[in-house]
Amino acid sequence: MRSDIPTNYNLKVRLFAILRDVVGEGEIAITVPTGATVSYLENEIVKKYPQLKSFSTRFVTSVNCKVTSGDTIISSSDEIALLPPVSGG
């Protein structure tokens with residue numbers, strides 16, 4: 001096997017609150033290449049679940065229980081969760 005060919009893997013992504021309600025599932029699977037970033041994952045999620053598009057600029061992505069930025073690189077062993085917009089004071 002050539003090492004310069006990207007390897008794809010399935011990530012399980014947990015959804016909470018309104019995001020879970022909109023999709024109808026508490027967990028989804030998304031295929032991403034090795035070295036994918038949180039931004040890439042978010043784009044793939046919205047492609048597969050277009051009903052989340054209206055939330056895409058407002059949901060928060062957590063990797064291993066920590067809120068992350070879009071340039072964070074994810075791996076197949078990471079625990080990923082999408083959290084809904086939060087408001088309050």
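Atoms considered below: every heavy atom in the structure, side chains included; atoms not considered: hydrogens, waters and symmetry mates.
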Query raised in the report: How long is the span from the CG atom in Leu83 to the CZ atom in Phe16, to the nearest 0.5 Å?
Result: 6.5 Å
Query - Single-linkage hydrophobic cluster Ile28~Ile18, side-chain heavy atoms < 4.5 angstrom - result: yes
Query raised in the report: When clusters are formed by joining ILVMFWY residues with side-chain heavy atoms under 4.5 Å apart, either directly or through shared neighbours, do Val60 and Val46 land in the same one?
Result: no
Requested in this report: Taking all heavy atoms of Leu52 and all of Phe59, pick out the closest pair and write down the distance.
Outcome: O-CE2, 4.4 Å
Query raised in the report: Looking at OG1 of Thr68 and CD1 of Ile73, how far apart are the two atoms once the value is rounded to the nearest 0.5 Å?
Result: 12.0 Å
Query raised in the report: Between Glu25 and Arg20, what is the shortest heavy-atom contact and its length?
Result: O-CG, 3.3 Å
Query raised in the report: Is the number of heavy atoms from other residues, nucleotides or ligands within 6.0 Å of CZ (Arg14) greater than 12?
Result: no
Query raised in the report: Which heavy-atom pair separates Tyr9 from Ile74 by the least distance, and what is that distance?
Result: OH-O, 3.1 Å
Query raised in the report: Ignoring hydrogens and geometry, is there a side-chain-to-backbone donor-acceptor pair from Asn43 to Tyr40 under 3.5 Å?
Result: no
Query raised in the report: Counting N and O atoms only, with roles assigned by atom type, does the side chain of Thr37 sit under 3.5 Å from a partner on the main chain of Asp71, one being a donor and the other an acceptor?
Result: no
Query raised in the report: If every non-hydrogen atom of Lys48 is compared with every non-hydrogen atom of Ala29, which pair is closest and at what distance?
Result: NZ-O, 2.8 Å
Query raised in the report: Nearest 0.5 Å, what's the CG-OG distance between Leu11 and Ser77?
Result: 9.0 Å
Query raised in the report: When clusters are formed by joining ILVMFWY residues with side-chain heavy atoms under 4.5 Å apart, either directly or through shared neighbours, do Tyr49 and Phe55 land in the same one?
Result: yes
Query - Gap between atom CZ of Arg58 and atom CG of Leu19 - 0.5 Å precision - result: 9.0 Å
Query raised in the report: Rounded to the nearest 0.5 Å, what separation is found between the CG atom of Leu82 and the CG atom of Leu15?
Result: 5.5 Å
Report task. Using atom types as modelled and distance alone, determine if a side-chain donor or acceptor of Thr72 lies under 3.5 Å from a backbone N or O of Val38. Result -> no
**Report entry** Check: Glu42 main-chain N/O paired with Lys47 side-chain donor or acceptor under 3.5 Å
**Finding:** no
Query raised in the report: Strictly by modelled atom types, are Asn10 and Thr31 linked by a side-chain donor-acceptor pair under 3.5 Å?
Result: yes
Query - Atom pair CD1/SG of Ile80 and Cys65 - distance to nearest 0.5 Å - result: 10.5 Å
